[in-house]
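In this text, all values refer to a predicted model and were calculated from it rather than measured experimentally. These values consider heavy atoms only, across backbone and side chains, with no hydrogens, waters or symmetry-generated copies.
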Amino acid sequence: MPPDRLSPAQARRTALAAQGFTDRRPAAAPTMTHLKRVVGRTRLLQMDSVNIAARAHFMPLYSRLGPYDPDLLHRAAWQPGRGRRLLVEYWAHEAALIPVADWPLFRWRMDDFADGRYRHTRDVMRRNRSLVSDVRAVIEAVGATTPRAIEAELGIEREPGAAGSWWQRGEVKHLCEAMFAAGDLSAVRNGNFVRHYDLTERIVGADTVALRPGRADAHRELVNRAAQALGVATVADLADYYRLRPADARPAVAELVESGALQEISVDGWRDPAYLAAGAPMPRRVDTSAILSPFDPLVFFRPRAERLFDFHYRIEIYVPEHKRVHGYYVLPYLLGTDIAARVDLKADRKNRTLLVLGAYCEPGHSRDLVAERLSADLLSFAGWQDLDDVVVAGRGDLAPDLQRRAHVG
């Protein structure tokens, strides 16, 4: 009989197991089978273009499997070759890679984004609706391509000064993004993270495109997937996983409770009711360590990270340098069942060095123990990124302990 009340420690172990942190790491090089296992746990990989240490969508696999060949993710999402594409990009939890089979569950969102996700994009679409068929015709003829290449095919010249940066995109770019949001186009990425738009049926398959579950059914399925990925969660947690409105998540939760897929419980110290996924494992102990992406599903909903791990976390990329507390690209460090530290990392690829610009131990943890485990994981991370050395700067209370390690400094 599942418990109707969990301690904070039990909730943490349940959440970590649901996210795959108690699965055995492969003894040899990870394979596509291991990638499928991780995605089967997390259900999505949030994407981000920042490459200061490693791009966010590559990190969850590393955090759960250890060093792996990034080509695995390229083949799963963008370059399947003769194999079957496993992952596709859409607005799930922000831009994210999701299983191809889950793509139809966002048809309701595609309907909501019929003219685009953002107001300016919608304005461009409404002014240029007649251009949509021309854009589609180019893509149909040439295959996956970029807005700049489409402009060239259509003979469109940008206005002087519109250099084509992310903030100065041409109108074709906005049309492609609107068509992507509406599900008319899908996309693949190249090694520089540039979207190449293609007809959706070419990427996910005509059979998948033809599926159109109802809005309420899709919400229920998404909440169920979120529950399995989180193990134990509040309504707010479940809604945030796929960025549903809480008002849409609540009836789905009620149906899942009635069907037995969820059990309402309480967690000591949590203000709101919690829901335990049916069959969610609750290991007696968790012995793992992992450097996490700021956008790892374990921590990307900051209120849950604080409630679950007593870990107050804000990414400071957009904070002026003189106001930053911990650094530019700070990654949480998981040790056992705790977020035990945070590290500000930068890959100096020219000098083949992983720079630890700051290292901070969380309150209540032994700096010596954290430094011992973290130093080994930093070396592993550096090797995965094809870097030769790890150099620790002096910022942060944990930095001196890391510097004293003979193999990191």
Side-chain angles (χ1 to χ4, degrees), residues 2-8 10-21 38-46 60 90-99 101-109 112 213-282 292-311 313:
D4 57 9
R5 188 177 195 90
L6 297 183
S7 68
Q10 289 173 317
R12 284 195 298 272
R13 295 198 302 271
T14 301
L16 289 165
Q19 279 286 308
F21 285 102
V38 172
V39 174
R41 297 289 195 192
T42 66
R43 304 304 306 185
L44 55 78
L45 301 172
Q46 184 176 339
Y90 191 65
W91 297 110
H93 181 97
E94 298 301 321
L97 292 171
I98 58 173
D102 287 1
W103 185 88
L105 294 175
F106 296 93
R107 276 297 203 174
W108 59 275
R109 181 165 286 164
D112 290 348
R215 182 177 293 250
D217 291 339
H219 288 166
R220 185 176 60 253
E221 287 301 317
L222 290 172
V223 170
N224 190 40
R225 281 160 168 72
Q228 294 294 326
L230 294 171
V232 58
T234 64
V235 168
D237 300 336
L238 295 168
D240 178 79
Y241 208 77
Y242 289 106
R243 294 294 167 90
L244 303 176
R245 295 187 309 151
D248 291 327
R250 288 190 190 97
V253 168
E255 290 183 34
L256 291 167
V257 169
E258 185 176 357
S259 72
L262 292 180
Q263 177 191 349
E264 183 174 346
I265 64 167
S266 59
V267 177
D268 294 339
W270 291 19
R271 182 187 62 189
D272 297 324
Y275 297 87
L276 182 67
M282 190 187 303
L292 304 175
S293 161
F295 307 110
D296 191 288
L298 187 68
V299 296
F300 62 24
F301 188 40
R302 310 305 189 208
R304 175 178 170 83
E306 190 161 0
R307 185 182 347 108
L308 193 61
F309 296 106
D310 194 23
F311 180 65
Y313 180 49

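Across R304 and A15, no two heavy atoms sit closer than the pair NH2-CB, 3.5 Å. When every heavy atom of L44 is checked against every heavy atom of A92, the shortest pair comes out as CD2-CB, 4.3 Å. Between D268 and S7, the closest heavy-atom pair is OD2-CA, 3.9 Å. Contact record, V299 with P294: CG2-O, 4.1 Å, taken as the closest heavy-atom pair. Contact record, A278 with G260: CB-O, 3.5 Å, taken as the closest heavy-atom pair. The minimum heavy-atom distance between A261 and N224, with the atom names listed, is CB-OD1, 3.9 Å.
With sequence neighbours excluded, the residues that form a side-chain hydrogen bond (donor to acceptor under 3.5 Å, both in side chains) with R307 are D237.
With Q263 as reference, D4 is the one residue of V257, D4, V232 to meet the side-chain contact (heavy atoms from CB on, under 4.5 Å) rule.
Side-chain contact check for L238 versus L230: some heavy-atom pair is nearer than 4.5 Å. Looking at heavy atoms from C-beta onward, L292 lies out of side-chain contact with Y313 at the 4.5 angstrom threshold. Proximity of E221 to D217: side-chain heavy atoms (C-beta onward) are nowhere separated by under 4.5 Å. In this structure the side chain of F300 reaches within 4.5 angstrom of the side chain of D240, judged on heavy atoms.
A salt bridge does not link E306 to R302: none of the charged side-chain nitrogens sits closer than 4.0 Å to a carboxylate oxygen. Salt bridge status for D112 with R215: present, with a side-chain N to carboxylate O gap under 4.0 Å.
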For this session: Please report the C-alpha distance between F309 and L16 in whole Å, then the side-chain angles of each, then the deciding distance to 0.1 Å, and finally whether the side chain to side chain contact (heavy atoms under 4.5 Å, CB included) criterion is met.
Result: CA-CA 11 Å; F309 296 106; L16 289 165; 4.3 Å; yes
Problem set entry | CA sep, side-chain torsions, deciding dist, call: F301, T234, side chain to side chain contact (heavy atoms under 4.5 Å, CB included) | CA-CA 12 Å; F301 188 40; T234 64; 5.5 Å; no
For this session: Kindly determine whether Y242 and V223 satisfy side chain to side chain contact (heavy atoms under 4.5 Å, CB included), including the steps that lead there.
Result: CA-CA 8 Å; Y242 289 106; V223 170; over 6 Å; no
Problem set entry | Stepwise side chain to side chain contact (heavy atoms under 4.5 Å, CB included) test for F106 and I98 | CA-CA 11 Å; F106 296 93; I98 58 173; 3.6 Å; yes
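Remark: side-chain polar atoms of R109 are paired, donor with acceptor, to backbone N or O of W91 under 3.5 angstrom. Between the side chain of H93 and the main chain of Y241, a donor-acceptor pair closer than 3.5 Å is present. Counting only distance, with no hydrogens or angles, the side chain of Q19 and the backbone of A229 share a donor-acceptor pair below 3.5 Å.
In this structure, CZ on R245 lies 8.0 Å from NE2 on H219, to the nearest 0.5 angstrom. With rounding to the nearest 0.5 angstrom, the CG atom of L262 is 11.0 Å from the CD atom of E255. Here the CG atom belonging to L45 is positioned 5.5 Å from the CG atom belonging to L97, to the nearest 0.5 angstrom. Between the CG atom of L105 and the CZ atom of R107 there is a distance of 11.5 Å, given to the nearest 0.5 Å.
Within a 6.0 Å sphere centred on CG of D248, heavy atoms belonging to other residues, nucleotides or ligands number more than 12.
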